[in-house]
*Asks:* 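This is the structure, below, for whatever I ask next.
Side-chain atoms are counted along with the backbone in the values below, which use heavy atoms only and exclude waters and symmetry mates. Numbers restart at 1 for each chain; the letters A, B, ... are given by sequence-line order, proteins then strands.
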Amino acid sequence: MENISTLQSERITRELMPQKFGKRGMIWTGALIIICLIGLYAYYRQLDKGLVVTNMRDYVSWGIYISNFVFFVAISLVGSLITAIFRLANIHWSTPLTRIAEIIAVSAIACASVIIIVDMGRPERLVNLFSHGRLQSPITWDVIVIGTYFFISLLLLYIPLLPDLKILNEQKNKGPKWMSKVYRFFGFFWKGTKEQWKISNKSVVILSIMIIPVAFCIHTVTSWLFATTYRPGWDSTNFGAYFVSGAFLVGSGAVVIAMYVFRRYYKLEKYITEKHFDKMGKAVVLLAFLYLYFNVNEYLVPAFKMKKPEEAHLTNLFAGEFATMFWFAILVGMVIPVLIMITKKGRKPLPMFIAAIMVVVGAWFKRYLIVTPTLLHPFLPMQEVPESYKHYFPSWEEWAIAMGSLAGALLIITFFVRLFPIIPIQETITEEHEKAITENK
Amino acid sequence: MKKLLLKINSGKLLLTILLSVLCTVYTAAQDDSTAVKEEEPEATEIVKLSYHSSNNSIQYLLLKSIIKKGKEQTPVKNKAYTIYLDSAADATKVADVKTDADGKAKTFLPPSLKQAWDASAQHIFIVKAGDEEVISDYSITKSKITIDTATTDGIRNINITIQKQEGSEWLPAADVEMKIGIQRLGGILTAGEEETYTTDSSGTVSVAVKNDSLPGDDKGNIILAVKVDDNETYGNLLVQQAAAWGVKTTTDNNFFEQRTLWSTRFRTPLWLLFLAYTIVLSVWGTLIYLVFQLFKIKKLGKQAAH
């Protein structure tokens, strides 16, 4: 029995060990690095010439950068859903997905912080936020809560990684020397003693409890950046819940994409099974319905009243300049994925993957629609403004920086997967052993 | 036969329409050709200089340069001019100036020209753009304004005297038009019934102040102002003087001193401070505790290794 267990453990370890980049991996990484470099060059131009290289003007002062920031913050929320909510609810099927969710959260929140500095135009003025910040401002709350969420996510990624680092340390001859040094640096002290396990488990439970309110805060506060200003489209008491529900949806969509890619690329069919896709599919459908519900609230109620300032904004969304994008975000981002995933066949890996891409792309455009059209309809319009104030389409520098930040987030995930096992090895072994014991009984 | 007549009539109709169209096109073409022939208005550069004296003590010059083309006026930006006093020589140079985005430039009379300035009651300013003399005859006569206040039978009066210099003497300046009033944020509020007043042969004018309840500063001071605009002989003059004729006002800072959501960072509401610090300290306190737990794990690992 023990021999079988050892053999099983070895097999699991072998199958879940981080793997070298193949040809496709190299192309993927190279492409991401190139996109990041183009983004860096565009940022250099922005630093050199100022924010004038963007197409943001006096009306639209929050453009694609802030849309991207909101998108990143939204996607990062999935860490709390899969790691914390599912863990505390004793949902075991999500174990192989915890690390995927956490690395998505960490990379997204890191890039959210970067993009907000990019939007400032003068990065050295970040220090003013701390030296002159007002505690009354939601922007200060956002800085505090983003920092806190980032730190909690890092701990939630690191502490459960410790047992796997021990396994990786034991396999030191199988990889390059620098990787062994990294494993040693981060996890040489993990011996798997009873006391260590006790502290580690307790810490993870505390973090899981803590991350839920912090996650709700991070996106609620982000929504308040908009909702606390008196503008058509933002002046809503619904915004916190609307943002949080949308965040859970896009985050789950991102996890599904990652599940499909890692499963296919690293041959993890035994660990990320069709059952996982089925369960995640049901979760995504539930979250999409929830988000649709808040969307109905967000648009139907003001549209019913049609207050004069809201009218221009809503007409622009429903049938005007942004109508194509708006209906794309609603249909492709929510309705069609629900129609795909609501059926059992639709919850198979490939249809789920396609639907999840729809969710994420739709969610990106949804954030753009939340930020930009409102800014084009100020309550006190200026007289005889230049034509460039009345319309907004990002400049190539803005696109390059935004795409660079998205590539940056993917690059963090890619390098993490190259270094560390994306599915927790130790937890999988323990679960397999427990399953075997139950079956033998 | 009828058919033939109908054909002829139709032909006439077509011919009439064709001729009308040709006539219209011809007339339009003629109109166009005359429009082309019309000469475009010539662009001319206009440089204006004005002398200003503030409170009889600070003298400065303002230069404005524009390009005039028809009815259109465009400011001349970044153009260099040299201003001289009395003669275009290096010794009497007032300043080298450069116009700003509005085509304007400003300069004060330098201390080095004090002697030359004091030597005469009349002066000429000369402006050169490179070697070209653009203004050669802008002359001013030195003058001064005195404000005197008096209250007779409860009526407050402002008595103004304007004097001009002739040789070494100060003589009354008659027929000088000016605004007399109280300086407010938006401009000068006229003190009496008239918009402007003119000095008599003795160089004086007296105005009874009609408004006696204007808000002043915390001591009740208001600023009386006398302004002469663009006078051909004396230029632009402005003199201001405080008078305790206003109503004392105290600034109510109470609104800004409250602890509110819209006040400065040092006036955060106490409930917000308490709430924010409690949340931040409890969350970060727990996180620091967890970091210590990590160190504990590390220590336990080292002990187990031994």
*Asks:* Considering only heavy atoms and a distance below 4.5 Å, find which of B/V283, B/L272, B/T268, B/V280 pairs most often with chain A.
*Replies:*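 Max contact count across the listed options: B/T268.
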
*Asks:* Tell me whether the count of non-hydrogen atoms from other residues, nucleotides or ligands lying under 6.0 Å of CZ in A/F379 goes above 12.
*Replies:*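 Yes.
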
*Asks:* Heavy-atom pairs under 4.5 Å with chain A - which of B/K298, B/K302, B/R267, B/K299 has more of them than the others?
*Replies:*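 Between B/K298, B/K302, B/R267, B/K299, the count favours B/K298.
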
*Asks:* Please name the pair of heavy atoms, one in A/K191 and one in B/A305, separated by the smallest distance, quoted to 0.1 Å.
*Replies:* CE-CB, 3.9 Å

*Asks:* Please flag which part of A/L155 lies under 4.5 Å from any non-hydrogen atom of chain B: side chain, backbone, both or neither.
*Replies:*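 The side chain, not the backbone.
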
*Asks:* Using heavy-atom distances under 4.5 Å, tell me whether A/W197 contacts chain B through its side chain, its backbone, both, or neither.
*Replies:* neither

*Asks:* Considering non-hydrogen atoms only, spot the tightest contact between A/Q196 and B/I297 and give its length.
*Replies:* NE2-O, 2.7 Å

*Asks:* Give a yes or no on whether B/D131 atom CG has more than 12 heavy-atom contacts from other residues, nucleotides or ligands under 6.0 Å away.
*Replies:*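 Not more than 12 within 6.0 Å, no.
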
*Asks:* Does any backbone or side-chain atom of B/Y289 lie under 4.5 Å from a heavy atom of chain A? Answer side chain, backbone, both or neither.
*Replies:*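 The side chain, not the backbone.
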
*Asks:* Which answer fits B/T260, side chain, backbone, both or neither, if we ask what part of it has an atom under 4.5 Å from a heavy atom of chain A?
*Replies:* backbone

*Asks:* Which atoms of A/K202 are under 4.5 Å from chain B, going by heavy atoms: the side chain, the backbone, both sets, or neither?
*Replies:* side chain

*Asks:* When rounded to the nearest 0.5 angstrom, what distance separates CD1 in A/I206 from CG in B/L290?
*Replies:*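 Taking CD1 in A/I206 and CG in B/L290, the distance rounds to 5.0 Å.
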
*Asks:* Can you tell me which portion of A/T193 sits under 4.5 Å from chain B's heavy atoms? Options are side chain, backbone, both or neither.
*Replies:* side chain

*Asks:* What is the distance from atom CD of A/Q136 to atom OG1 of B/T264, rounded to the nearest 0.5 Å?
*Replies:* 7.5 Å

*Asks:* In terms of heavy-atom contacts, does NZ of B/K128 have more than 12 from other residues, nucleotides or ligands at under 6.0 Å?
*Replies:* yes

*Asks:* So what's closer than 4.5 Å to chain A heavy atoms on B/L273: side chain, backbone, both or neither?
*Replies:* both

*Asks:* Examine distances only and state if a side-chain atom of B/Q293 and a backbone atom of A/I199 form a donor-acceptor pair shorter than 3.5 Å.
*Replies:* no

*Asks:* Could you check whether atom NZ of B/K68 has more than 12 heavy atoms from other residues, nucleotides or ligands sitting under 6.0 Å from it?
*Replies:*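 No, NZ of B/K68 has 12 or fewer neighbouring heavy atoms, counting only those of other groups under 6.0 Å.
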
*Asks:* Just give me the residue among B/L300, B/L287, B/L294 that pairs up with chain A most often, heavy atom to heavy atom, under 4.5 Å.
*Replies:* B/L287

*Asks:* A quick test of your reading: do over 12 heavy atoms of other residues, nucleotides or ligands sit less than 6.0 Å from CD of B/E42?
*Replies:*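 No, not enclosed.
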
*Asks:* Let me know if A/S137 has heavy atoms under 4.5 Å from chain B in its side chain, its backbone, both or neither.
*Replies:* neither

*Asks:* Looking at B/R265 and A/R134, what are the two nearest heavy atoms and their distance?
*Replies:* CB-CG, 3.4 Å

